[in-house]
Amino acid sequence: MKLTYFPCDERYKKPVGGVRVNEEFTVFACASGEAQAVFFVLTKEKETPVWYEMRRADGERFTLSLRVTSEGLYFYRFVVRCSGADTAFYADSELNAREGKGDEWQLTVYDEVYAAPSFLDGGIIYQIFPDRFNIGGERLKTKPGAVYRDDTYGTPYYKADEKGIVPNNDFFGGNLDGVTEKLDYLKSLGVKCVYLNPIFEAASNHKYDTGSYRRIDGDFGGESAFRRLISAANEKGIKIILDGVFSHTGDDSVYFNRYGHYDSVGAFQSDGSPYKSWYRFDDKGGYECWWGVKILPCTEETDPSFNEFINGEDGIVRSYMRMGIAGWRLDVADELPDAFLDNLTRAVKKISPEGIVLGEVWEDASNKVAYSMRRRYLLGRQLDSVTNYPFKDAIIRFARLGDGANLKRTVDSIVNNYPPRVLRNLMNPLSTHDTVRALVAVSGEELPGTKNERAEFRLRDPETAKKRLRLAAALQYTLPGVPCLYYGDEAGAEGCEDPFNRRFYPWNNADEELVGFFRELGRLRARSELNGGGIRFIRACDGLVEFTRGEGLRVLANATEIAVPLGEAVTDLVTGNETRVAAPLSAVVWEERK
């Protein structure tokens, strides 16, 4: 007995991916042998399975059309009845069918509460760590006790002080006017959205220790520079989104005020502080902090006062939306309660229906369990989309090791599990401020064991690494979702973990050939097939992945050391060159002849 079913192929399930509440979807399955009946067994999480008998369409094909009336996470399997005996078929590791016990296929049913944002169509997101991108105009130095570096391209400080703390108090001078100066450069890359790491007033260079949500950091130019950036960016068709860090503040803040630097009664100072209920203190005066980092006291997001301050009519979220930003990337979304996320998304959409809410989630966000709770990020009332680390890891693994099966399995799983509206706006990075730089990651070179050695690490074979980066980037730009380019990756920036991945953009030593390649990818990204078009894999094996996007766009990625014939002469849409082969460590993108 054999059953054939694959949920990422419209010949077996339509539509592919998650379905809306009350939207009709159809499944087809082919049951070989003497199948007398085929049943579709659907189970909503924590509820009783419901059996539906499928209709025989013709020969071995069975079909069923169904509508689901409530949002949630569902799972299904098929049961084939033959000669009075029932055989159950489950999903194997590649989402195909397997007889006997296995994983059930997932069906995500979401409610269309808000329209999906569309401003990212045809473009890319560009992530900027503001202190390390570009100095515009007069350099600003507003922080007592800060170390203002003049060696622009030096290594960020990383050694702990006498208390064992890395102070993160060295500043290289990047600011918001510097971003404004480079908008033409960003537009040449195909950028439609700039994602800024935190820009609110804070003591550190990374700004994840918010001092005041109401103020743009003085070293970045304050609110006037921010308004100039928004205005200039909008004129060029580029949107700005901000990093929302709401699961914790800094201890050196208006709200906590551990050191008394602010003219406020902070929660650390007095039980009578208006901010006391925002934090979690014990009966000995200690407080809960983010991952044990004492400078980052955790907030109580469900506290009515805190929620009103962030999500209320005059709260932080709406205030910056009114200023003209296009949305928020939410830091550590796993640590933000459902009620808080509901309120935040409602606040964004109230000001701008096109506003976007992107959550930092490192795993499959459709079935994520965080702190023993199943999250409902993608069911319609919270996140528009998420950071797509599963694709990042699979692409880098393919570029390094040629693991095509893993790449296909990862992509198929996300395509099956995510609603199409989420898939369209996926934030697809190859590296971020939290990871090793893309060029280093794809190189496969062994990193030194000590932090001192990693601080000055440089690739031994950068040319091969660049080939692998171009291969990885071609996949990043052609798989479903929106490419997110971390500043400097396109220029060949190197770096291990934080803070070595946060060096200044190499304006004095950018790899212009690599930059040109990313410009061509940016132009390719504008094609309609890459904006919501489906994906169908032709092959995925050791060293090779081949797939189509939409109607007629074809991609062959070759991670081997030998040239792979294409079968005909094609024009590579990235380079513009005619070729009959995919060269070693390269990808070719072309239009199929109809």
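Of the inter-residue distances, the one linking D384 atom CG with L426 atom CG reads 11.5 Å to the nearest 0.5 angstrom. K349 NZ to L344 CG: the interatomic distance, rounded to the nearest 0.5 Å, is 10.5 Å. Atom CG of L521 and atom CD1 of I124 lie 9.0 Å apart (nearest 0.5 Å). E445 CD to L459 CG: the interatomic distance, rounded to the nearest 0.5 Å, is 4.5 Å. The distance from the OH atom of Y195 to the CD1 atom of I356 is 13.0 Å, given to the nearest 0.5 Å. Here the OH atom belonging to Y377 is positioned 7.0 Å from the CG atom belonging to L383, to the nearest 0.5 angstrom.
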Side-chain polar contacts of residues 470-478 - donor-acceptor pairs under 3.5 angstrom, sequence neighbours left out - could you list them?
unit_1	atom_1	unit_2	atom_2	d
Q476	NE2	N428	O	2.9
Q476	NE2	C484	O	3.2
T478	OG1	A474	O	2.7

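The side chain to side chain donor-acceptor pair (under 3.5 Å) test with Q382 singles out one residue from T345, N343, D338, and that residue is D338. A side-chain contact (heavy atoms from CB on, under 4.5 Å) with N197 is found for exactly one of F129, F133, Y487, namely F129.
Between T435 and N501, the shortest heavy-atom distance links the atoms O-ND2, 2.7 Å. Between P448 and F457, the closest heavy-atom pair is CD-CD1, 3.5 Å. When all heavy atoms of A559 and F398 are compared, the pair lying nearest together is CB-O, 3.5 Å. Across all their heavy atoms, F391 and P480 have their closest contact at CE2-O, 3.5 Å. In this structure, P420 and G18 approach most closely via the heavy-atom pair CD-O, 3.4 Å. The heavy-atom pair separating L407 from A394 by the smallest distance is CD1-CB, 3.8 Å.
Side-chain contact check for N416 and Q106: no donor-acceptor pair (N or O, by modelled atom type) lies under 3.5 Å. Side-chain atoms of Y158 and N452 include a donor-acceptor pair closer than 3.5 Å. Q127 and T432 are not linked by any side-chain donor-acceptor pair at a separation below 3.5 angstrom, with hydrogens and angles left out of the test. Side-chain contact, D489 with Y126: no donor N or O sits under 3.5 Å from an acceptor N or O.
Classified by interplanar angle (parallel below 30°, tilted 30° to 60°, perpendicular above 60°), the ring pair H433/Y208 is parallel.
R523 places no side-chain N or O within donor-acceptor distance of the main-chain N or O of G190, the cut-off being under 3.5 Å. Using a distance-only test at 3.5 Å, with no hydrogens or angles considered, no donor-acceptor pair links the side chain of K408 to the main chain of T410. No donor-acceptor pair closer than 3.5 Å links the side chain of E494 to the backbone N or O of L439. Side chain of D572 to main chain of V588: no donor-acceptor pair is present (N/O by atom type, distance under 3.5 Å, no hydrogens or angles). Between the side chain of N205 and the backbone N or O of N168 there is at least one donor-acceptor pair closer than 3.5 Å. At least one donor-acceptor pair closer than 3.5 Å links the side chain of N558 to the backbone N or O of A582. With T299 contributing its side chain and S247 its backbone, the two residues share a donor-acceptor pair below 3.5 Å.
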Steps toward side chain to side chain donor-acceptor pair (under 3.5 Å) verdict (N311, N307): CA-CA 6 Å; N311 298 322; N307 186 74; 3.0 Å; yes
May I have the step-by-step check of side chain to side chain contact (heavy atoms under 4.5 Å, CB included) for E335 and Y371, ending in yes or no? CA-CA 8 Å; E335 300 180 23; Y371 301 95; 3.5 Å; yes
Please lay out, stage by stage, how F500 and K451 fare under the test side chain to side chain contact (heavy atoms under 4.5 Å, CB included). CA-CA 10 Å; F500 313 126; K451 198 154 190 175; 3.8 Å; yes
With side chain to side chain donor-acceptor pair (under 3.5 Å) as the test, would you mind laying out the steps for D364 and S366 before giving the verdict? CA-CA 6 Å; D364 184 330; S366 70; 2.6 Å; yes
E529 vs R549, salt bridge (charged side-chain N to carboxylate O under 4.0 Å, His left out): CA-CA, chis, key distance, verdict: CA-CA 6 Å; E529 296 95 335; R549 289 296 314 277; over 6 Å; no
Is there a side chain to side chain donor-acceptor pair (under 3.5 Å) between S188 and R519? Walk through the geometry before answering. CA-CA 6 Å; S188 77; R519 285 196 177 104; 2.8 Å; yes
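Ion pair R381/E71 flagged as a salt bridge, since at least one NZ, NE, NH1 or NH2 atom sits closer than 4.0 Å to an Asp/Glu carboxylate oxygen. With salt bridges taken as basic N to acidic carboxylate O contacts below 4.0 Å, one links R329 and D331. Ion pairing of R424 with D121 is present here, as a side-chain N (NZ or NE/NH1/NH2) and a carboxylate O approach within less than 4.0 Å. A salt bridge does not link D111 with R376: every distance from a Lys NZ or Arg NE/NH1/NH2 to an Asp or Glu carboxylate oxygen is 4.0 Å or more. Between D461 and R468 no salt bridge is recorded (no basic side-chain N to carboxylate O distance below 4.0 Å). Using a cutoff of 4.0 Å between basic side-chain nitrogens and carboxylate oxygens, R421 and E112 are scored as salt-bridged. In this structure, E301 pairs ionically with R280, as a charged nitrogen and a carboxylate oxygen lie closer than 4.0 Å. Comment: R539 engages E546 in a salt bridge, judged by a side-chain N to carboxylate O separation of less than 4.0 angstrom.
Ring centroids of F537 and F6 are separated by 6.0 Å or more, keeping the two rings apart. In this structure, the ring of Y213 has its center no less than 6.0 angstrom from the ring center of Y320.
The salt bridge (charged side-chain N to carboxylate O under 4.0 Å, His left out) test applied to D131 returns no partner, not counting sequence neighbours. Qualifying side chain to side chain donor-acceptor pair (under 3.5 Å) partners for Y74, counting only residues two or more places apart in sequence or in other chains: S70.
Two residues are said to be in side-chain contact when any heavy atoms from C-beta on lie closer than 4.5 Å; V436 and S431 fail this criterion. Side-chain contact between T249 and P297: present, with at least one pair of heavy atoms (C-beta onward) separated by less than 4.5 Å. R374 has its side chain within reach of N367: a pair of non-hydrogen atoms, C-beta onward, lies under 4.5 Å apart. Within the 4.5 Å cutoff, side-chain heavy atoms of I325 are placed close to those of M321. You'll find the side chain of V386 reaches within 4.5 Å of the side chain of L378, heavy atoms only. Here the side chains of L341 and R375 are in contact, with some heavy-atom distance below 4.5 Å.
For K294, the NZ atom is densely surrounded, since the number of other residues' heavy atoms within 6.0 Å is greater than 12. By the neighbour-count criterion of 12 heavy atoms within 6.0 Å, atom NZ of K207 is densely surrounded, having more than that number from other residues, nucleotides or ligands. Counting heavy-atom neighbours within 6.0 Å of K467 NZ, excluding the residue itself, gives a total of 12 or less.
Annotation: cation-pi pair K182/W507 present, NZ/CZ under 6.0 Å from the ring centroid and within 45° of its normal. By the 6.0 Å and 45° rule, K466 does not stack over the aromatic ring of F517.
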